[in-house]
Protein chains: 2
Amino acid sequence: MGVTIKDVAKAAGVAPSTVSRVIADHPRISLSTKKRVKKAMKEMGYHPNANARSLANKSSQSIGVVMPAGADNALQNPFFPEVLRGISRIAHSMDYSLLLNTGETDKEILEGVQRMVHSNRTDGIILLYSQLDDPVVNFLLEYDFPFVIVGKPSDRIDEITHVDNDNVRGGKEITEHLIKQGHERIAFIGGSQDLVVTVDRMKGYQLALEEAGLPYLEEYRIHTEFLESGGQQAVNELFSLEEPPTGLVVTDDLMSIGVVSMLEKCGKLVPEDISLVSFNNVYLSEITRPPLTTVDIHIYELGQQAAKCLIEKVKDKSEPAKRVIVPYTIQHRSSTKEREVPSY
Amino acid sequence: MGVTIKDVAKAAGVAPSTVSRVIADHPRISLSTKKRVKKAMKEMGYHPNANARSLANKSSQSIGVVMPAGADNALQNPFFPEVLRGISRIAHSMDYSLLLNTGETDKEILEGVQRMVHSNRTDGIILLYSQLDDPVVNFLLEYDFPFVIVGKPSDRIDEITHVDNDNVRGGKEITEHLIKQGHERIAFIGGSQDLVVTVDRMKGYQLALEEAGLPYLEEYRIHTEFLESGGQQAVNELFSLEEPPTGLVVTDDLMSIGVVSMLEKCGKLVPEDISLVSFNNVYLSEITRPPLTTVDIHIYELGQQAAKCLIEKVKDKSEPAKRVIVPYTIQHRSSTKEREVPSY
DNA sequence: TACAATAAAGATAACGTTTTCAAAAATGAA
DNA sequence: TTCATTTTTGAAAACGTTATCTTTATTGTA
């Protein structure tokens with residue numbers, strides 16, 4: 001059915017190997033035959049068979065992308081399409097394909113990854129999340145298979161190339177923004193503590209508080225994965241404290257929207273009654289009400305960098321483990337407000 | 001490096017072809033050798049090489065997924081991860097891999113698709129969008145390559161298997177909801193008219209209006225892709241009309257959030273001053289303020305059905321073009337309100 | 001003009017499967 | 001037993017490339 005390298009060879013009056021060399025742009029090939037072959041290829045509508053190529057090459061020119069398990073609504077986070085876009089950009093420009101892996105459970109994910117690498121379908125893998133003690137990471141490490149993490153590895157950090165933001169500094173800086181505005185009771189709402197990104201951002205929050213001599217209170221920290229169910233109660237509790245917070249650091253824009261909405265149910269307005277800062281600067285954070293002051297982590301760039309690192313590593317396995325920190329910027333919008341100091 | 005079928009054969013004392021048959025669970029193979037071979041496979045950690053397989057088989061056991069061009073923020077729509085999840089679910093269960101294709105421009109997308117199919121990397125393709133006169137569709141059709149559209153084809157509808165909602169009925173029904181609540185001046189805000197989904201939903205809107213004897217006005221229709229820039233102005237105009245609408249049909253939850261926010265800038269509250277209904281029932285629409293009354297199109301199910309249809313088609317090319325309509329349901333939440341009839 | 005270099009092209013063996021065709025082994029009927 | 005079936009296995013040829021050798025053609029130099 002398809003036209004093969006042999007057909008082209010015959011048509012151009014050369015050997016298949018010559019055609020192959022033309023494809024690979026091999027130097028030792030005369031201009032005249034190169035032209036002749038290329039003409040034949042074009043005329044016959046030749047397209048190399050990737051599978052045959054991969055087989056001969058032992059390289060698939062494709063990179064696997066692993067999304068976290070999505071039993072909950074985490075995947076609806078616009079973060080993912082956005083990194084994907086960045087990755088895709090680079091992959092496309094380097095002629096790599098993208099192999100996607102998702103799953104409902106951690107087990108499914110692991111199986112998927114194993115299948116990918118065992119079957120030689122992919123040359124390297126990008127992990128779009130980082131959690132404590134991830135079996136996927138262990139597998140990849142043990143197998144000595146090229147991979148990069150978007151985020152910060154929970155372990156063996158020097159052996160794993162990863163691209164991340166400085167989330168603790170970002171957490172610190174955004175918290176300081178609240179502090180500068182006069183807030184003294186600042187709470188933290190974040191996702192699962194198994195996610196490295198959560199603990200980093202929280203660490204930054206803690207640092208800022210301590211440096212400013214403000215209290216870092218247990219009851220000011222909420223961790224919730226399912227905003228709708230547990231979240232409301234947690235927020236209720238937070239605001240029935242004797243000294244409820246006036247500032248909120250939330251680890252994710254999507255979550256922030258939920259929080260703002262819960263707050264309103266409690267009769268609290270953002271930013272009038274309570275200031276809120278957030279992370280990611282997803283498109284949403286611009287169009288929601290109020291527009292969120294949020295640290296822009298440059299998701300697209302994260303994706304691009306990850307893809308670049310991976311491809312480097314794939315091309316040269318001896319490439320050392322790298323860490324790329326893409327700088328964040330703070331998007332000041334209107335979810336925070338100078339705190340009016342009560343005048344006793 | 002990897003252990004091959006030959007190694008296993010040698011270890012089990014059989015021919016490679018026998019091992020292959022064991023893998024394929026061929027009937028004509030004795031239980032004893034089957035066991036012996038399986039044991040050898042397990043012991044040696046054998047995993048079939050997908051590329052070799054694809055080459056011999058002329059089938060890659062993977063399906064390509066095409067996302068729309070993402071120069072704007074459209075891809076940040078949680079719709080995409082969600083369909084992807086549905087597709088992935090089925091693909092995984094049928095042992096198919098997912099090949100992802102995105103691009104900044106329509107041209108890039110087309111190139112990507114062509115590369116995928118020419119190179120034999122994929123057995124079939126799922127298109128996650130449907131727009132007027134799509135060169136990708138034309139290519140696929142001409143090439144007679146298996147594909148399915150999530151959405152409604154703009155053309156040659158009987159030749160293209162697609163899975164869709166009944167968007168005109170959905171549009172009609174949700175508009176009628178507004179009408180039942182006493183609204184008589186209802187406007188429509190949607191995305192690009194090149195998107196089939198937009199025109200369908202608008203058609204439903206129109207139908208409902210006409211059936212109720214309400215005016216279907218040009219100046220009540222807004223089409224905008226970039227909500228942030230053009231949108232605000234459009235909304236302003238809408239509400240500086242002599243008779244501004246009291247109800248709004250918006251084609252997408254994400255867009256709705258933007259609209260609600262713009263309305264507030266104009267001093268209009270949802271649902272107090274204006275009722276709004278929407279489409280998709282993305283997680284967001286539940287946590288935003290107000291929670292949106294929206295038609296739940298069952299995105300996950302769309303994805304699953306699409307994957308199923310495609311795999312059927314891939315396995316048997318003679319499978320006729322199908323249309324699957326996944327039923328929608330309406331999620332009543334609190335973005336609409338009974339209209340207080342002004343008492344003259 | 002002859003002889004080494006060097007450049008260009010061809011032959012052929014991988015790469016790891018599947019599959020067709022043929023051979024051997026087991027079974028059953030006569 | 002023996003011959004015809006029927007199972008079960010093996011040998012070998014695809015599948016479409018790439019890459020390693022050779023071989024042949026083209027230079028340049030003495």
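Every heavy atom of this structure was used, including side-chain atoms; hydrogens, water molecules and symmetry mates were not. Note that this is a predicted model, so its numbers are computed, not measured. Order of the sequence lines fixes the chain letters, A, B, ..., with proteins taken first and strands second; residue numbering starts at 1 for each chain.
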Side chain to side chain donor-acceptor pair (under 3.5 Å) involving B/T33 - partner list, sequence neighbours excluded: B/S30
Tell me every residue that passes side chain to side chain donor-acceptor pair (under 3.5 Å) with A/Q131, counting only those two or more places apart in sequence or in another chain. none
Find the bend of the helix from C/dT1-D/dA30 to C/dA30-D/dT1 as the angle between its two terminal axes (five pairs each), to the nearest 10°.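 What I find for the helix from C/dT1-D/dA30 to C/dA30-D/dT1 is an axis angle of 50°.
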Looking at residues 41-51 of chain B, who's got a heavy atom less than 4.0 Å off DNA chain C? B/Y46, B/H47, B/P48, B/N49
Could you pull out all residues at least two apart from [X] that satisfy side-chain contact (heavy atoms from CB on, under 4.5 Å)?
X     : value
A/A56 : none
B/S97 : A/L99, A/R115, A/R121, B/S62
A/K10 : none

Does any pair with a residue in residues 16-29 of chain A pass side-chain hydrogen bond (donor to acceptor under 3.5 Å, both in side chains), and if so which ones, sequence neighbours excluded?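 Sorted pair list: A/D25-A/K34.
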Contact residues, residues 12-39 of chain B to DNA chain D [heavy atom, < 4.0 Å]: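 Heavy-atom cutoff 4.0 Å gives B/G13, B/V14, B/A15, B/S17, B/T18, B/R21, B/R28, B/I29, B/S30, B/T33.
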Can you check each nucleotide of nucleotides 23-28 of chain C against protein heavy atoms at under 4.0 Å and return B for base, S for sugar-phosphate only, - for none, in 5' to 3' order? ------
Considering only distance and modelled atom types, tabulate donor-acceptor pairs under 3.5 Å from the side chains of residues 306-313 of chain B, sequence neighbours left out.
{"residue": "B/E312", "atom": "OE1", "partner": "B/K322", "partner atom": "NZ", "Å": "2.1"}
{"residue": "B/K313", "atom": "NZ", "partner": "B/E319", "partner atom": "O", "Å": "3.1"}

By ring pair (Phe, Tyr, Trp, His ring centres under 6.0 Å), which residues pair with B/H47, not counting sequence neighbours?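 By the ring pair (Phe, Tyr, Trp, His ring centres under 6.0 Å) rule, B/H47 matches A/H118.
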